[in-house]
Number of protein chains: 2
Amino acid sequence: MTADHLENRRQEIVRAALRCFAREGFHATSVRDVVRESGLSAGAVYSYFPSKAELVAGAVEPILEALTGVLDAVVVDTDRSPEPGRTPAEAVAEVLRRIYPLAVGGEVDYTRVAVTAWAEGLRDPAVRAIAEQTYGTVRGRLTDRVATWRDAGHLAADVDAEALGQVLFSTLVGFVLQHALLGDVDLDRYATAVCLLLPRP
Amino acid sequence: MTADHLENRRQEIVRAALRCFAREGFHATSVRDVVRESGLSAGAVYSYFPSKAELVAGAVEPILEALTGVLDAVVVDTDRSPEPGRTPAEAVAEVLRRIYPLAVGGEVDYTRVAVTAWAEGLRDPAVRAIAEQTYGTVRGRLTDRVATWRDAGHLAADVDAEALGQVLFSTLVGFVLQHALLGDVDLDRYATAVCLLLPRP
DNA sequence: CCCGTCAAGACGGACGACCGTTCTCTAATG
DNA sequence: CATTAGAGAACGGTCGTCCGTCTTGACGGG
């Protein structure tokens with residue numbers, strides 16, 4: 001088996017699994033469901049993933065990687081600009097606008113997978129590790145932006161950048177939750193509202 | 001069986017179930033687990049709850065009711081004051097401060113149950129209905145506060161109150177998620193940071 | 001050029017464990 | 001004695017996983 005073939009099959013299976021997970025969550029989808037959705041056999045799936053838990057981890061990881069990717073792209077764009085023209089809140093809004101089409105534009109709604117991944121992270125150490133690492137990175141970037149913004153004199157010198165980074169992070173995950181669970185949030189209106197936070201003095 | 005006895009037993013079972021759910025989530029806790037935790041028998045549990053799904057719903061409902069209760073209390077307090085002295089962000093911070101001891105001060109960490117309830121709401125219509133109703137109410141209250149604040153001239157007249165209400169709601173659920181999943185948020189620092197979001201002009 | 005060989009990928013039924021739920025029996029109460 | 005809450009074994013079904021069987025396609029000897 002060539003390495004290419006192995007990787008292709010793995011991705012095929014992961015995509016089938018994600019369709020199932022988005023529909024029913026991790027626990028309510030059986031391995032049989034994934035097998036059926038993938039068009040393969042149980043034996044075939046188990047020759048690419050040693051257990052259901054590994055399949056879950058394999059499905060969660062690329063989603064969170066995409067999030068850090070987008071965030072880094074926005075930060076890089078910002079760093080390139082001559083001066084920090086965006087407030088930290090505007091940076092968050094930009095991240096939202098960029099990640100939205102990736103999250104809900106495809107065949108699966110990744111916001112639904114994200115919410116089930118949060119729940120799974122509470123008990124599965126592997127998922128938790130992925131979440132801690134990724135979300136830690138994302139939040140750290142936001143904290144850095146806040147600190148820079150504060151040190152440029154736009155916020156009081158004693159502002160707690162880390163806590164404010166946590167709050168801005170909340171506006172990201174809060175959008176994900178409301179989109180997945182309540183389904184009544186509009187990206188543009190939400191992003192616009194985010195930009196009202198931490199206004200320039 | 002007296003109505004008192006029935007209600008006491010039901011609450012006993014619900015509390016045992018919540019301990020299990022906070023540990024492992026809904027799907028990973030079996031009815032046997034709840035039976036063991038409650039010290040009763042399977043037959044007894046099933047004579048108070050017709051199914052596991054009802055048990056889940058019975059566990060989720062009082063948690064969300066507590067949330068709306070606290071929110072209403074804060075809104076009432078605010079309405080009593082001679083003028084709206086609190087910004088909408090400060091109202092959110094106050095809700096956080098009041099609900100925190102209820103959520104994590106007892107024998108179970110309700111933020112963990114909340115996160116698993118979100119995931120369950122994606123697929124269980126009964127849980128979803130409870131979440132939609134409660135969170136809809138909470139968000140509506142926040143939207144009202146924003147609209148009042150805007151109409152008092154503290155925000156531009158064309159501000160989208162509903163969207164800003166959604167953003168403020170995100171800071172609530174975002175705290176819950178970060179507390180449950182990452183465990184590294186400090187209530188006081190977070191609440192203080194929330195207050196910075198919408199400063200008085 | 002054709003056919004026999006062989007290895008590897010895929011298949012899908014089988015397995016034990018455990019699931020949610022039910023039902024009969026027991027014990028204690030008033 | 002009548003009634004009923006509670007106990008816990010038992011049931012059919014489904015779970016995750018494994019493994020024996022089969023298909024397929026590349027390759028080399030005649």
Side-chain angles (χ1 to χ4, degrees), chain A residues 1-60 113 116-117 119-120 123-127, chain B residues 1-60 113 116-117 119-120 123-127:
Chain A
M1 168 171 23
T2 72
D4 256 17
H5 178 69
L6 188 145
E7 195 48 36
N8 286 343
R9 268 276 190 275
R10 277 181 65 98
Q11 286 197 13
E12 223 173 272
I13 294 169
V14 162
R15 280 175 40 223
L18 281 171
R19 287 194 292 274
C20 296
F21 293 159
R23 246 184 274 129
E24 294 291 334
F26 299 135
H27 283 94
T29 70
S30 65
V31 174
R32 273 172 171 74
D33 291 333
V34 176
V35 165
R36 200 178 306 122
E37 182 80 29
S38 70
L40 295 174
S41 67
V45 168
Y46 268 88
S47 71
Y48 291 98
F49 290 91
S51 69
K52 186 186 181 183
E54 295 278 333
L55 193 50
V56 168
V60 168
V113 181
T116 72
E120 190 60 14
R123 51 178 299 279
D124 181 337
V127 173
Chain B
M1 165 171 24
T2 73
D4 256 18
H5 179 67
L6 188 145
E7 195 48 36
N8 286 344
R9 269 278 189 274
R10 278 181 64 98
Q11 286 197 12
E12 223 173 272
I13 294 169
V14 161
R15 280 175 41 225
L18 281 171
R19 286 194 294 274
C20 296
F21 293 159
R23 244 184 276 129
E24 294 291 334
F26 298 134
H27 283 96
T29 70
S30 66
V31 173
R32 272 173 171 73
D33 293 332
V34 176
V35 165
R36 200 177 305 123
E37 182 80 30
S38 71
L40 295 174
S41 67
V45 168
Y46 269 89
S47 73
Y48 291 98
F49 291 91
S51 69
K52 186 187 181 184
E54 295 278 333
L55 193 50
V56 168
V60 167
V113 181
T116 72
E120 191 60 13
R123 51 178 300 278
D124 181 337
V127 174

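Within every chain, numbering begins at 1; the chains are lettered A, B, ... in the order of the sequence lines, protein sequences first and strands thereafter.
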- Query: What distance do A:R15 atom CZ and A:C20 atom SG have between them, rounded to the nearest 0.5 Å?
  - Reply: 13.0 Å
- Task: Find the distance between NZ (B:K52) and OG1 (B:T29) and round it off to the nearest 0.5 Å.
- Result: 5.0 Å
- Hey, is the side chain of B:Y48 poking within less than 4.0 Å of OP1 or OP2 on D:dG6, counting only N and O atoms? yes
- Task: Take atom CG of B:N8 and atom P of D:dG6, then tell me their distance rounded to the nearest Å.
- Result: 11 Å
- Parallel, tilted or perpendicular: ring planes of A:H27 versus B:H27, cut at 30 and 60 degrees: parallel
- What pair of heavy atoms forms the shortest contact from B:I13 to B:V45, and how long is it? CD1-CA, 4.1 Å
- Query: Stepwise, does the side chain to side chain contact (heavy atoms under 4.5 Å, CB included) test hold for B:V34 with B:F49?
  - Reply: CA-CA 12 Å; B:V34 176; B:F49 291 91; over 6 Å; no
- Message: Is B:S41 close enough to D:dA7 that one of its side-chain N or O atoms is under 4.0 Å from OP1 or OP2 there?
- Response: yes
- Task: Give a yes/no answer on whether the side chain of A:R9 brings an N or O atom under 4.0 Å of OP1 or OP2 in C:dA10.
- Result: yes
- Nearest whole angstrom, please: distance from the C1' of D:dG16 to the CZ of A:F49. 16 Å
- Query: Atom CG of B:L40 and atom P of D:dG6: how far apart are they, to the nearest Å?
  - Reply: 7 Å
- Message: What verdict does the side chain to side chain contact (heavy atoms under 4.5 Å, CB included) test give for B:T116 and A:R123, after you've listed the backbone C-alpha separation in whole Å, the side-chain angles of each residue and the deciding distance to 0.1 Å?
- Response: CA-CA 10 Å; B:T116 72; A:R123 51 178 299 279; over 6 Å; no
Between the protein and nucleotides 14-21 of chain C, list every N/O to N/O distance that falls short of 3.5 Å.
from   : atom 1 : to    : atom 2 : distance (Å)
C:dG20 : OP1    : B:K52 : NZ     : 2.8
C:dG20 : OP2    : B:V31 : N      : 2.7
C:dG20 : N7     : B:R32 : NH1    : 3.3
C:dT21 : OP2    : B:Y46 : OH     : 2.4
C:dT21 : OP2    : B:K52 : N      : 2.8
C:dT21 : O5'    : B:Y46 : OH     : 3.2

- Atom pair distance, as rounded to whole Å: CZ in B:R36 and C1' in D:dA7: 15 Å
